[in-house]
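Comments concern the structure below.
Read the numbers this way: they start at 1 and go in the same order the structure lists the ligands and their atoms. In this text, all values refer to a predicted model and were calculated from it rather than measured experimentally.
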Amino acid sequence: MSSSSATNYNKFDEPFARIYNETLGPSYNKIALPTLEKLLLPYIPEKANILDLCCGTGELSQWLLNKGYQVTGIDRSQRMLEYARHNAPNCKLILGDVRFFELLPTFHAVSSMGLGFNHIQSLSELTATFNNVYNALDSNGIFVFDLRLENVYSSTLNNRVLGDVKDDYAWAMKNIYHPESKECRVFVTTFQLRDIDCWKRLDTSFSLMSYSKDEVQSSLENVGFTEIIIYDIKLDLGLITEADMVCFVCRKPI
Ligand SMILES: C[S@@+](CC[C@H](N)C(=O)[O-])C[C@H]1O[C@@H](n2cnc3c(N)ncnc32)[C@H](O)[C@@H]1O
């Protein structure tokens, strides 16, 4: 498995992993867990074998494990996986890139929640990821993932600043959307207390890409997925989210 050379993920990982573990992950999972409860769990066997792509800090993997499923998580960030090893010690965790993974078709379900696929930088890479998912799914296996669409980045989230201040740590994150490239650049600044009155500042940034419903749907169809349904998390599932999200559900045919 390889990783992208386009972004320096080590620099990005260190502050983001802590922010994600303490703040962003728990807030995304308030949406992701009830979404899976409605759209995935009723349709898979007891003790199903589930692959959690872009598993991050492992909170969701552990939640699935607690429900009796067998869970394998993949993430390309060493730092995120260190948190995952602590949060989900009995899940199988793999350091790897979802654009390039190969696993035997043994999974009843593959999920990717918490907007992991918005981190994938092009439609062709997203399609390559879908292809890997298809190959890892058992026949009639189900694939569920959430995504933010373009309108969210260009409206609600553009120029939005998030942040928090703790005793030994402070962070701020700002989104800037570039409609011509469909890229939302996320700038992160952290301050870490190193000694009395000595704070270390670190600036980094990463990109989230926006995709349209139609291009994602065609890409899934081209790979071979069927029964594709797109749920609006607010309108169709009644969940309260700050920024609109959709969830795709589809199947590998028998
Ligand atoms: C927003 S977090 C979501 C974490 C987790 N799914 C959750 O719901 O808490 C996105 C994760 O995707 C991972 N990621 C992004 N691109 C990836 C890739 N190409 N392969 C593997 N992991 C990737 C990042 O390292 C990060 O941990």
Check whether any N or O atom of His119, backbone or side chain, sits under 3.5 Å from an N or O atom of ligand 1, and answer yes or no. no

Would you call Asp97 a ligand 1 contact, heavy-atom distance under 4.0 Å? yes

If we ignore angles and hydrogens, is there a donor and acceptor under 3.5 Å between the side chains of Asn222 and Asn131? no

Cationic N near anionic O, under 4.0 Å, Lys166 to Asp168: no

With heavy atoms of Gly96 as the reference, note each atom of ligand 1 found under 4.0 Å away. 20 (N), 21 (C)

Min heavy-atom dist Met113 to ligand 1 below 4.0 Å: yes

For Tyr20 and Tyr28, I'd like to know if the aromatic rings sit close, meaning centre-to-centre distance below 6.0 Å. yes

Glu37 bridged to Lys67 by N-O distance under 4.0 Å: yes

Out of curiosity, is Ile74 lining ligand 1, as in a heavy atom under 4.0 Å away? no

Are the side chains of Asn132 and Val98 in contact, using a 4.5 Å heavy-atom criterion? no

Does an N or O from Arg76, backbone or side chain, lie closer than 3.5 Å to an N or O of ligand 1? yes

A cation-pi test, strictly: NZ or CZ of Lys174 under 6.0 Å from the centre of the six-membered ring of Phe187 and no more than 45 degrees from its axis. Yes or no? no

Under 4.0 Å from a heavy atom of Gly56: give me the atoms of ligand 1 that qualify, with their elements. 4 (C), 27 (O)

What part of Cys55, side chain, backbone, both or neither, has a heavy atom within less than 4.0 angstrom of ligand 1? backbone

Quick one: which ligand 1 atoms are inside 4.0 Å of a heavy atom on Asn29? 8 (O), 9 (O)

Hey, is Leu115 one of the residues with a heavy atom under 4.0 angstrom from ligand 1? no

Candidate with minimal heavy-atom separation from atom 7 (C) of ligand 1, of Tyr83, Tyr20, Phe100: Tyr20

Whether Gly58 lies under 4.0 Å from ligand 1, heavy atom: no

I'd like the name of whichever of Ser77, Cys54, Ser61, Gly114 reaches closest to atom 5 (C) of ligand 1 through any heavy atom. Cys54

Contact between Ala32 and ligand 1, counting heavy atoms under 4.0 Å? no

Quick one about Tyr169 and Glu22 (side-chain donor to acceptor, distance below 3.5 Å, no hydrogens or angles considered), yes or no? no

Indicate, with yes or no, if the rings of Tyr69 and Phe107 have centres closer together than 6.0 Å. no

NZ or CZ of Arg251 within 45° of Phe225 ring axis and under 6.0 Å: no

